[in-house]
Amino acid sequence: MRIGKVTKIILGILLLVFVLIQLVPSEIPEVSFENEGDLFAMPGMDEEVAGILRNSCYDCHSNETSFPWYSFVAPMKWLVVKDINDGRKELNFSDWNNLGKREQIKILEEMMEEIEEGNMPLPVYTIIHRDARLNEDQRNKLSEWTASVTEKIFGE
Ligand code: HEC
């Protein structure tokens with residue numbers, strides 16, 4: 001099949017646009033694995049819950065984000081950067097122990113809501129990260145955990 005002239009011009013323009021959008025400034029958020037205030041440093045942290053949160057939430061809600069190759073390529077990069085910045089702003093598990101009790105209780109409640117409604121992890125994320133989807137056991141486990149931690153904080 002011969003590629004027509006018009007097709008060539010269109011492909012050329014698309015390639016040029018793709019190259020040019022790579023130049024749009026968009027800063028990859030900083031990553032840190034040394035976080036003293038991390039949720040996992042909380043005394044008596046449940047190991048299983050830690051595993052679930054690390055696998056399903058930590059890419060967007062901690063300083064320990066891992067970036068796959070496509071997160072460096074626009075336009076994917078813009079989406080990834082925005083989700084991580086917005087996600088960390090709402091909830092950063094790396095700062096958990098620096099939060100006040102009231103803030104922690106509010107977040108635990110929001111976590112439960114988001115999980116029950118199926119809003120988190122973000123569906124756009126689980127299209128690619130299929131193993132981050134929460135099954136019923138995991139949702140129940142998180143639900144019990146948020147309830148018990150809330151109770152513990154109230155009792156302190
Ligand atoms: C792909 C990134 C991503 C992942 C993964 C993710 N979140 Fe989020 N999360 C966001 C973004 C972005 C927001 C802020 C905008 C919004 O609420 O949609 C947010 C908001 C939240 C909020 C605050 C909602 C509110 O009421 O203000 C909670 C709580 C939350 N996420 C919990 C979780 C939990 C728990 C997980 C894991 C089971 C998770 N998220 C996984 C991106 C993510």
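What you see below is based on every heavy atom in this structure, not just the backbone, and it leaves out hydrogens, waters and symmetry mates. This is a predicted model, so every value here is computed, not measured. Every number for a ligand or one of its atoms is a count from 1 in the order of the listing.
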> What is the minimum heavy-atom distance between Val149 and Leu108, and which atoms define it?
Replying inline: CG1-CD1, 3.7 Å
>> What count do you get for protein N, O or S atoms closer to atom 8 (Fe) of ligand 1 than 2.8 Å?
In response: 2
>> Counting only heavy atoms from other residues, nucleotides and ligands, does the tally under 6.0 Å from CD of Glu113 exceed 12?
In response: yes
> Which of these passes salt bridge (charged side-chain N to carboxylate O under 4.0 Å, His left out) with Lys141: Glu136, Glu47, Glu48?
Replying inline: Glu48
Show me the donor-acceptor pairs, under 3.5 Å and distance only, between side chains in residues 9-22 and residues at least two apart or in other chains.
residue	atom	partner	partner atom	Å
Gln22	OE1	Ala74	N	3.0
Gln22	NE2	Phe18	O	3.1
Gln22	NE2	Ala74	O	3.0

> Closest non-hydrogen protein atom to atom 25 (C) of ligand 1, residue and atom name please, with distance?
Replying inline: Glu110 OE1, 3.7 Å
> Does anything in residues 73-121 pair up under ring pair (Phe, Tyr, Trp, His ring centres under 6.0 Å), and if so which pairs, sequence neighbours excluded?
Replying inline: Tyr58-Phe93
>> Please list all pairs meeting salt bridge (Lys or Arg N to Asp or Glu O under 4.0 Å) that have one or both residues in residues 68-85, counting only residues at least two apart or in different chains.
In response: Lys82-Asp86
> So, for atom 15 (C) of ligand 1, does the protein have a heavy atom nearer than 4.0 Å?
Replying inline: no
>> Check contact between Asp83 and ligand 1, using heavy atoms of the residue and a distance below 4.0 angstrom.
In response: yes
>> Tell me whether Arg139 contacts the main-chain N or O of Leu134 through its side chain, where contact means a donor paired with an acceptor under 3.5 Å.
In response: yes
> Which ligand 1 atoms, with their elements, are less than 4.0 angstrom from a heavy-atom of Asp86?
Replying inline: 12 (C)
> If you look at every heavy atom in Ile84 and Asp59, which pair is closest and at what distance?
Replying inline: CG1-O, 3.8 Å
